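Here's the structure, in structure tokens; my notes come after.
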Protein chains: 2
Amino acid sequence: MEEREISQAVIGRLPRYHRYLGELMADGVERISSNELSKRMKVTASQIRQDLNNFGGFGQQGYGYNVKYLYNEIGKILGLDQIHNMIIIGTGNLGQALANYAAFGDRGFILKGLFDVNPRLQGVAIRGVQVRLMDELEDFLKKNQIEIAVLTIPKTKALEVANTLVNNGVRAIWNFAHIDLNLPEDVIVENVHLSESLMKLSYNISRYNGEHEKN
Amino acid sequence: MEEREISQAVIGRLPRYHRYLGELMADGVERISSNELSKRMKVTASQIRQDLNNFGGFGQQGYGYNVKYLYNEIGKILGLDQIHNMIIIGTGNLGQALANYAAFGDRGFILKGLFDVNPRLQGVAIRGVQVRLMDELEDFLKKNQIEIAVLTIPKTKALEVANTLVNNGVRAIWNFAHIDLNLPEDVIVENVHLSESLMKLSYNISRYNGEHEKN
DNA sequence: TAGATTGTTAATCGATTAACAATC
DNA sequence: TAGATTGTTAATCGATTAACAATC
């Protein structure tokens with residue numbers, strides 16, 4: 001049962017395929033060839049076919065791909081057909097923004113709890129989920145099966161909290177803290193480092209200004 | 001003056017070097033070798049040296065790198081020594097979260113304006129910057145030199161607003177809308193597609209559950 | 001059947017790693 | 001000077017693209 005790893009480069013492109021296929025579906029398009037999709041997405045048709053064939057043959061020669069079918073299949077590959085129980089740690093601006101982002105629920109990411117250190121937030125409810133204090137976290141985790149935790153807290157507390165999460169069964173962390181969490185190998189960490197994203201933007205501005213000439 | 005492009009793979013790593021060097025500085029570390037940094041960051045020493053040497057020789061044989069100097073040099077490469085005037089379009093939860101993120105200011109990203117369609121937000125101030133209605137946007141852009149616009153609005157309006165921005169001198173867009181903005185080549189777009197990030201997380205959970213076996 | 005388009009193998013390209021001479 | 005470590009060239013690895021036979 002030797003299984004070749006699929007590269008993160010490929011995985012990183014799947015959500016974008018999924019998005020485009022969703023749009024095509026909404027536009028009532030029934031089928032699409034790799035060539036036409038390639039034009040819309042500005043990637044090569046070759047890459048699309050290679051990427052998809054990591055997971056199986058979803059198309060048909062001479063026809064192309066059925067949009068709805070491919071959309072669903074990619075959804076399954078991404079685990080969007082499953083329910084994922086989720087909590088958010090840190091109910092500041094960013095935590096609230098994510099809590100309010102209803103679209104996550106549509107994709108099977110169910111918000112089960114909100115936590116914060118600030119007692120003034122205690123009992124406040126966002127989308128029907130009330131904010132709990134951090135000292136309730138461990139107990140809550142023992143009583144509820146939580147798969148994903150969203151970390152929107154300052155980096156100083158992030159590692160400590162992450163360890164608590166992992167020790168109580170959390171399998172995956174969506175990390176917005178500006179720190180690399182060093183956790184056991186089997187814990188999935190997906191980082192969103194906003195300041196690093198802004199720095200890349202900044203670099204590219206300077207590049208266009210010609211500030212990177214070597215002399 | 002032929003200039004070889006530096007790959008986005010390299011650029012993508014610079015902010016992380018910068019972050020680690022900042023931490024080393026805070027810890028009072030004066031110098032570091034590529035080898036020791038490689039252990040901390042879990043990348044190869046070779047990659048660190050190759051990456052840095054795209055921009056010049058910042059180290060010294062037999063000594064390593066001066067932490068503070070390298071931190072500053074990478075900061076310059078990333079354009080963090082420059083002032084970048086910035087506005088945020090869409091003052092919902094996410095827009096507010098970003099507006100409140102004070103650390104951006106420290107790095108030279110100055111919040112000059114906030115805009116929203118919702119009249120109830122008009123005049124509300126966040127960090128001393130008041131929210132304006134969208135119909136003031138064009139006039140505001142003509143009167144102020146804005147380099148970066150943060151787009152935290154629904155995807156339906158994003159492209160239209162982006163065009164207005166670009167037509168009025170905005171050079172770079174930090175795009176949080178779930179859409180690919182097709183803009184002129186010289187406009188820098190840095191996408192933060194949160195739902196795609198969450199899908200990657202989700203894929204990796206399923207992968208660990210062994211749900212991706214081919215049979 | 002003829003045309004279209006996939007799935008897949010082979011070729012190319014680029015990025016990462018290894019090795020080592022230069023030099024502090 | 002001897003030891004350490006860079007800067008840089010060469011080797012390897014992996015990802016992307018091209019090509020085309022298989023097949024709907």
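Here the structure is a predicted model, which means the values were calculated and not measured. Residue numbers begin at 1 in each chain, while the letters A, B, ... track the order of the sequences.
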Side-chain ion pair, A:Lys200 and A:Glu196, N-O less than 4.0 Å: no
Would you mind classifying the nucleic acid contact of A:Arg13 as base, sugar-phosphate or nothing, using non-hydrogen atoms under 4.0 angstrom? sugar-phosphate
No-hydrogen, no-angle side-chain donor-acceptor test under 3.5 Å, B:Gln8 and A:Asn204: yes
Is the shortest side-chain heavy-atom distance between B:Met134 and B:Lys157 below 4.5 Å? no
Nearest nucleotide by nearest heavy atom, which residue falls closer to the 5' end of DNA chain D, B:Ser33 or B:Gln50? B:Ser33
Would you classify A:Ser46 as touching base, sugar-phosphate or nothing, given that sugar-phosphate means primed atoms plus P, OP1 and OP2, and contacts are heavy atoms under 4.0 Å? base
Looking only at side chains, do A:Asp51 and A:Tyr17 share a donor and an acceptor under 3.5 Å apart? yes
So where does chain A start and stop touching DNA chain C, 5' to 3', when the test is distance under 4.0 Å to a non-hydrogen atom? C:dA4 to C:dA10
Can you see whether B:Glu190 engages A:Ser197 through a side-chain donor-acceptor pair at a distance of less than 3.5 angstrom? yes
Assess the side chains of B:Asp180 and A:Tyr20: does a donor N or O sit below 3.5 Å from an acceptor N or O? yes
Using Watson-Crick or G-U wobble geometry with both distances under 3.5 Å, which nucleotide pairs with D:dG14? C:dC13
By the Watson-Crick or G-U definition, both distances under 3.5 Å, D:dC20 is matched with C:dG7
I want to confirm an ordering. Mapping A:Asp51 and B:Ser34 to their closest nucleotides on DNA chain D, which one lands closer to the 5' end? B:Ser34
